[in-house]
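This report concerns only the one structure given below.
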Amino acid sequence: MTTTQLNELTHRLATINDLSEGEIGQNRLVYSPTWIEAQKQVIQWALKLGLTVTVDDFGTAYMDVPGTDHPDQVIATGSHIDTVAQGGRFDGLYGVLGGMQAIENLLVTEGHPKETLRLISFSEEEGSRFPDTFTGSKHYTGAKINLAMTDPDGIHFDDARQTAVAQLNLPGVKHDLPDLPDTFTELHIEQGPRLIDHQLQIGLVTAIVGQRRFTITVKGIANHAGTTPMDERADALEMAVTLISQLRDQAHQLDSGLTFTVGEMHISPNTSNVIPGLVTFTIDTRSNDEQILDNFEQIIHQVVAQHQEPKITSTVNRWAKSDVTHLDDQLLAANQKTADKLGFSSTQLASGAGHDSQIMAKVTRTTMIFVPSIDGISHAPEENTGQVDLLHGVELLTESLHQQAY
């Protein structure tokens, strides 16, 4: 990969990230104005490179270089275009634009492939606006999606979807749902500290952890903070704190590898002189052992049930579930051989984050390539990866796609 190609990759990354200029971090929540502009820009770059572009009903973009010998055999790469609120500069986007750079590199050096090369920019992966994750790859693979779900402002998913996708009907863009590919490779930052801590250049992913997401709703009684005796209160926040503390302890006792995160909390009426009457908080829990996840879900229900009181009630709603996913052994072995040939220090590891690859792995042979995250930080404005590491990931992806499609 030349300096010119690296400059092109960093320029494209900066162009998309500049759409959130003046904000804290990146805010490409699915179907938002910033998301629309980002997906439009990716499509325009693909058209300029001569790729055939198709957009589906959910706004996922499929950008193809048709194969000369076996056009019906598709070798795909890509990732997602959306971010979490106040997210980082590389999560998802690097896989899309790194994939674009790899395909451009191959067109320049090798010409057209024998099998079709496809770049995919999935519409949504994060679950940061609507209470579901991976809706882009789920739609592509035929999974059922609740179109009636709403975001915190009460906007229906289906309304936001239709409004946004209509704006992607650019000249030269087809509207369809392409056939599934024969393989899928996702290039991604690690989002954790393992590669950077061990000074490794590449991570080759063996599996993706399973995860469950819950919302706990605690209903008490809002009342005056000064006139309500302590022993007569129905304080929803106090109960929420008790539940969080006990569940965290239970998670640690169950398995040291089980992660437990309370990432979102809402308190009502959220006023300094009023006892909270309603609290909701989320739980995100992950493991590479399906039985551990099942056991902890039972523990959540048990702990919540044990803390019901006459004036305080709590409920549990699991709104996201994904199973442990094992990726393709043959693609893993091939990428390991290629990484060794290129002289990259590497390791094989499981991903602690969810990815579109876990959805794609249900329908096609799938693999992932990680590059280091500085300080292991992700899902935050400080998320960063060095240019040399960005370069290494694209180089490995380029060679992997070359082996598969030429």
Side-chain angles (χ1 to χ4, degrees), residues 20 25-32 34-36 38-39 56-60 78-88 90-93 95-96 120-141 143-161 164-165 186 188-189 191-192 208-217 259-266 280-287 293 297 300 316-325 351-362 368 378-380 383:
S20 293
Q26 296 298 307
N27 295 280
R28 292 190 301 277
L29 276 64
V30 67
Y31 304 143
S32 67
T34 306
W35 177 94
I36 293 169
Q39 193 74 313
D56 70 18
D57 287 342
F58 276 52
T60 293
S79 192
H80 58 97
I81 193 69
D82 69 313
T83 69
V84 297
Q86 299 182 6
F90 297 100
D91 180 5
L93 183 63
V96 174
I120 304 175
S121 179
F122 284 116
S123 58
E124 189 276 334
E125 185 252 27
E126 297 287 4
S128 53
R129 180 178 178 184
F130 297 95
D132 196 3
T133 53
F134 315 116
T135 55
S137 50
K138 283 179 178 176
H139 176 65
Y140 188 30
T141 59
K144 186 176 180 180
I145 298 166
N146 176 18
L147 299 179
M149 58 185 170
T150 59
D151 70 5
D153 295 323
I155 298 173
H156 283 82
F157 178 90
D158 204 33
D159 292 337
R161 175 187 69 83
V165 174
E186 185 170 10
H188 211 282
I189 59 170
Q191 302 181 272
I208 301 172
V209 297
Q211 61 176 288
R212 315 279 170 89
R213 297 187 191 181
F214 306 85
T215 294
I216 311 297
T217 301
T259 62
F260 173 85
T261 304
V262 174
E264 182 179 353
M265 176 177 281
H266 299 278
T280 62
F281 63 91
T282 60
I283 294 173
D284 179 306
T285 185
R286 309 184 189 202
S287 173
L293 289 170
E297 182 166 354
I300 291 175
V316 181
N317 174 42
R318 186 190 74 201
W319 52 271
K321 177 181 183 292
S322 57
D323 297 335
V324 178
T325 303
S351 171
H355 299 283
D356 288 305
S357 285
Q358 69 196 73
I359 306 301
M360 294 298 291
K362 298 176 181 179
M368 290 195 75
S378 184
H379 279 191
E383 174 184 281

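Values below: all heavy atoms of this structure, side chains included; hydrogens, waters and symmetry mates excluded.
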Margin query: One pair to check against side chain to side chain contact (heavy atoms under 4.5 Å, CB included): Leu93 and Thr83. What are the steps and the verdict?
Written below: CA-CA 9 Å; Leu93 183 63; Thr83 69; over 6 Å; no

Notebook entry, point to check: Got a sec, which residues hit salt bridge (charged side-chain N to carboxylate O under 4.0 Å, His left out) with Asp56, two or more places apart in sequence or on another chain?
Noted result: none

Item checked: Those residues that, when tested against Asp57, pass salt bridge (charged side-chain N to carboxylate O under 4.0 Å, His left out) (two or more places apart) -> none

Taking only residues two or more places apart in sequence or in another chain, which ones pass side-chain hydrogen bond (donor to acceptor under 3.5 Å, both in side chains) with [X]?
{"X": "Asp132", "value": "Lys138"}
{"X": "Thr285", "value": "none"}
{"X": "Glu297", "value": "Arg212, Arg318"}
{"X": "Thr133", "value": "none"}

Compare all side-chain heavy atoms of [X] with those of [Y] and state whether any distance is below 4.5 angstrom.
{"X": "His80", "Y": "Asp91", "answer": "yes"}
{"X": "Met360", "Y": "Phe122", "answer": "yes"}
{"X": "Ile283", "Y": "Val316", "answer": "no"}
{"X": "Ile359", "Y": "Glu125", "answer": "no"}
{"X": "Thr135", "Y": "Met149", "answer": "yes"}

When you compare the side chains of [X] and [Y], does any donor N or O come within less than 3.5 Å of an acceptor on the partner?
{"X": "Ser123", "Y": "Gln39", "value": "no"}
{"X": "His156", "Y": "Asp158", "value": "no"}
{"X": "Gln191", "Y": "Ser378", "value": "yes"}

Just to verify, what does [X] make a side chain to side chain contact (heavy atoms under 4.5 Å, CB included) with, not counting sequence neighbours?
{"X": "Ala164", "value": "Tyr31, Trp35, Ile36"}
{"X": "Asn317", "value": "Trp319"}
{"X": "Ala38", "value": "Ile16, Leu19, Arg28, Ile81"}
{"X": "Thr217", "value": "Thr215, Lys219, Leu278, Thr280, Thr315"}

Check: Any idea which heavy atoms bring Ser79 and His188 closest together, and the distance?
Finding: OG-CD2, 3.7 Å

Notebook entry, point to check: Taking only residues two or more places apart in sequence or in another chain, which ones pass ring-ring contact (aromatic ring centres under 6.0 Å, His included) with Phe58?
Noted result: His139, Phe157

Checklist line | Worked verdict on Tyr140 versus Thr60 for side chain to side chain contact (heavy atoms under 4.5 Å, CB included) | finding: CA-CA 8 Å; Tyr140 188 30; Thr60 293; 5.9 Å; no

Check: When you measure from the side chain of Thr34 to the backbone N and O of Ser20, does any donor-acceptor pair fall under 3.5 Å?
Finding: no

Notebook entry, point to check: Would you say the side-chain atoms of Arg129 pair up with the backbone N or O of Val30, donor to acceptor, closer than 3.5 Å?
Noted result: yes

Checklist line | Pair listing, side-chain hydrogen bond (donor to acceptor under 3.5 Å, both in side chains) test, anchored in residues 352-361, at least two apart | finding: Ser137-Asp356, Glu186-Ser357, Ser322-Gln358, Ser351-His355

